[in-house]
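To find a chain, count down the sequence lines: A is the first, B the second, and so on, and within it residues start at 1. This is a predicted model, so every value here is computed, not measured.
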Amino acid sequence: MARKNEKVKKIIDVKIFRFDPSKDEKPYYQTFKVPVGKYDPASYMKTTVLDILKYVKANCDGSLSFYASCLIPFWEARKQGRCRRAICNLFVNGKPVVTCEEPVTGDENLLIEPPTIDPSLGFEVIKDLIADDVTLREKDYSFIARKKLFNVVKELNKKN
Amino acid sequence: MTAKGNGQFESVGKHIVCDAEKCTGCELCVYACSFRYGKSFSSMKSMIKVVHLHPLLHLAVSCYHCKDPDCLRVCPTKALSQSEEIGVIQIDREKCTACGWCVKACPYGAMDLDADKLIVFTCDLCDGEERPVCIEWCSNEALEKGDLKTFREKVNAYIEKSKLAEYPEMKGFLNLNK
Amino acid sequence: MKAYAGKILIVDLSRKSFTRIVLEEPVAKSFIGGTGLGIKLLIDHCPPGIDPLSPENPLILVTGPTSGTIIPTGGNGHCFLAKSPLTNGLGQALSHGSFGSELKRAGYDAIVIKGRSEKPVYLWIDDNDRKLIDAEHLMGKSTYETELAIREEIGDFSIRVASIGIGGEKLVKYACIMNERHRAAGRTGLGTVMGYKNLKAIAIRGTNNVQVGKPEEFEKFAKEIRDLAKGPATEKYRTLGTPLNVLVLNSLSALPTRNFTSATFEGASRVSGERLHAELIRKTIGCSSCPILCEHIARIDEGPFKGALSRTEFETLWALGPNCGIDRLDAIVKAIEMTNAYGIDAISTGLSISFAMDCYEYGILTKEDTDGLELKFGNFEAMLQLVRKISLREGIGNTLAEGVRRAAQRIGNGVEKYANHIKGLEMTGYDLRGLKTAALGFAVSFRGADHNRHGAYDYDLKGKVDRFSPKNKGELVKNNEDWYTIIDSLIICKFSRGLYKDTFSDAAKLYSLVTGIEMTGEDMKRAGERITNIARIFNVREGLRREDDHLPPKIMSVPIPDEGIAKGSYVSQKDLNELLDDYYRVRGWTTDGIPTIAKLEELGLTEYVDIVKPLF
């Protein structure tokens, strides 16, 4: 996050995917106003997607659920053996990102577009941004791959 | 997944293809590959895997070098890249976090995750060796290097010829609404 | 100790409990694995003199040290053992496919299943996890349907399943345990034991790696064997497979026809391997890690049996074909498919049916007894009906489901002379009247009537010896038995036996490379002898003696009637005495066929000396 003595921070709109299967019928997007700091890659000064989520949870809506296995950059966490598998990755504007790495603002502090944050696609949503890939063990991915083999003929049969 | 590409209908370079007519499901290719990978025998830690769909239909499946592949599109750390001439998918050891998204994205099940080394793996054509070990060990000369288009045609032709669509237990595995 | 998983799982179905014990290296080295280790576990865990259909009878599943590796045919075998409800002696059956390698990868060399479950269950082994899961909804399903249903339930289509069918549930005395649709651990009624225990299936998923003792050398050795396996030594299995025996045996007057009435079949060319291949075989595949490729899959594409699909081998084809005087090839394939689905041993079924046909032709069974079926030899519709009746234990099927020995006792009227069995296990497709080396092998085999424990028919058929003479056959059978036992203990495939020119020395080399434990050809030969002796000891303990090393009545009293070189041949009591005396002498056993104390001590089987002591 930007330091306290930084000048005025920009406020941006952030759209976050929400869904609570026990309460909601359908998923929906909720928009929050979040302050973001300057973007200076040289000094690691940036607001990451993870920072956004933490801010929203702390200041806007405490019920927002997301998964974060650590609070430091993943390569540090891996070196320390804390980041076992980046199941905290999410989709932002349709692209897969590493949440503790991905900056929310672009170069020269110009925003490209308001970020829309989605859970990992293709897995069933447990709550908000947590999909059931968090419950999978590493070994389970081999079972997922193995199960797909049974669709190989279907895939090879598909028309363009 | 995100904006699924048309990648799987065209391939880059030559990859391992299996002749469904000849494949006997003996899995010698799986043992040979797992031995090369880790000096032990395994059905999981192998870059080529065999699927048994019916006594008359077995197939060895490996990476098909899709053009514009889904696995690349979906990797959050950009650990995957594709060699332009050969088409092999290359994995950056440092960047791969073993999140498993590429495993989920591959339509064929050719990408797999090594739970011990915490890195994904897929067929690397034995790192450029002249004769990949799977082809070396195959019991019936069913494996060779080829391209996706001819491979698809051959598999479909064999299934037609063997009238496999007539078997109720094949229902889940074939596209019967041709 | 590499290649072995090093663990044995003990399952108690009564208490629903699991224990793990370690497989120690001395035991592994003495008994190798597979059949050898299985017999040792059986004799240790099975109390003497029990009823095979009682909770104390342990069902043992075991695999060999080569399981899960790339050695051609090594990656794939498993063996079931128990006290046989059919013979009351040693029950053992091997099967191939991929089930054995999955067991090894799950981390076990063997599973010992004791007790009896109150309700139907199936055993699910997933690496370190193991559960007994309710199987009430699977009862009544065929073996293949059971496999598909369990795969759906567990959610993984790649798991391996071995299961029983209705035959096992109804306790048909020769029910079998099937895996992968048409691979059977067929003989001696192990499916019956499993059915009695209310165990519907065993499902396994194994994801561990299998390590070998000397990886590079092992791979090189495996490559050599693989290249040989593509050569002439195994050619016949790839081209026609075992069904080529139909015409070969027929030409030598050695193809038992119509329940061993004659030794040639006029319809042989209609059910030959050649015709089978030309008209019905769609594809030839193979077991896990096998380059030989002997599995010929037949499919019927037209006629009343359209859609029937099964792997077709000589024994099953013969038992339901020429043995019953039937020459309708499509009906035979259909019958084989039915025995696979119901989970009953096709050979014993065929022999039970031909026995009933013999009784009917002689007027001892009438249409009233047979529920209206006309059981004449050659009536394939009646044969198919009987396969169903036997599996469901309906009508006459209930008697025939007991096996020919007990069925003959029930029917009475002197029909014992039509019951072709040895020790209660039904005969296989070799007319022993003109194959006297084989006759000795069959008489002394530990399972009962069996060509696979010795393969002595090889000498007779290839003309290496005088097949009509009972002289000097003991040594030949002994050597073959010991070698075949090693094949069944490493668990490699008998069809690959021709690739190991120096039998025991090559096997010892294979063993040393795969496990890292040094073994010489002599050690291996000794191990083979040790295992055959411990098999004998089990049978002796259960009360079998010299009079149980007999031959079926027809073999010993009805000379071959067919014109030709074998006419008039049969095995007389004098012949049998000579064969047995020679064999027992070579084995170092008493004239009653009991291993001496000296022999047991020589082989390191001192702990079993108490079984034979009271007999001297």
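Closest approach of Q211(C) and S40(B) over heavy atoms only: OE1-CB, 3.8 Å. In terms of heavy-atom proximity, F41(B) sits nearest to V212(C) at CE1-CG1, 3.6 Å. Residues Y31(B) and G68(C) approach most closely at CE2-O, 3.3 Å, considering heavy atoms.
Only the side chain of L309(C) comes within contact range of chain B, with at least one heavy atom under 4.5 Å from a heavy atom of that chain. The part of K230(C) that comes within reach of chain B is its side chain, from C-beta onward, which places non-hydrogen atoms under 4.5 angstrom from that chain. Using a 4.5 Å cut-off between heavy atoms, F173(B) contacts chain C through its side chain alone, with no backbone atom that close. The contact between K39(B) and chain C is made by backbone and side chain atoms together, counting heavy-atom distances below 4.5 Å. If you measure heavy-atom distances from E21(B) to chain C, the contacts under 4.5 Å come from the backbone alone. Heavy-atom distances place no part of S158(C) under 4.5 Å from chain B, backbone and side chain included. I70(C) touches chain B through backbone and side chain together, each having a heavy atom under 4.5 Å away. Looking at C29(B), there are no atoms closer than 4.5 Å to chain C (heavy atoms on both sides), in backbone or side chain. For K223(C), the parts lying under 4.5 angstrom from a heavy atom of chain B are both the backbone and the side chain. Heavy atoms closer than 4.5 Å to chain B are found nowhere in A229(C), neither backbone nor side chain. Only the side chain of D301(C) comes within contact range of chain B, judged by heavy atoms closer than 4.5 Å.
Here the OG atom belonging to S43(B) is positioned 9.0 Å from the CG atom belonging to N209(C), to the nearest 0.5 angstrom. To the nearest 0.5 Å, atoms SG (C26(B)) and CD1 (I292(C)) are separated by 11.5 Å. For the atom pair CZ (R181(C)) and NE2 (H52(B)), the distance works out to 14.0 Å, reported to the nearest 0.5 Å.
Checking side-chain atoms of K283(C) against main-chain N and O of C23(B) turns up a donor-acceptor pair under 3.5 Å. R226(C) places a side-chain N or O within 3.5 Å of a backbone atom of W137(B) that can act as its donor or acceptor partner.
Annotation: side chain to side chain donor-acceptor pair (under 3.5 Å) contacts of T207(C) (sequence neighbours excluded): D127(C). When the side chain to side chain donor-acceptor pair (under 3.5 Å) test is applied to N140(B), no partner is found at least two apart in sequence or on another chain. With sequence neighbours left out, the salt bridge (charged side-chain N to carboxylate O under 4.0 Å, His left out) criterion links E295(C) to R183(C), R311(C).
Residues from residues 55-64 of chain B that place a non-hydrogen atom less than 4.5 Å from a non-hydrogen atom of chain C comprise P55(B), L56(B), H58(B), given in numerical order.
K306(C) NZ: 12 or fewer foreign heavy atoms inside a 6.0 Å radius.
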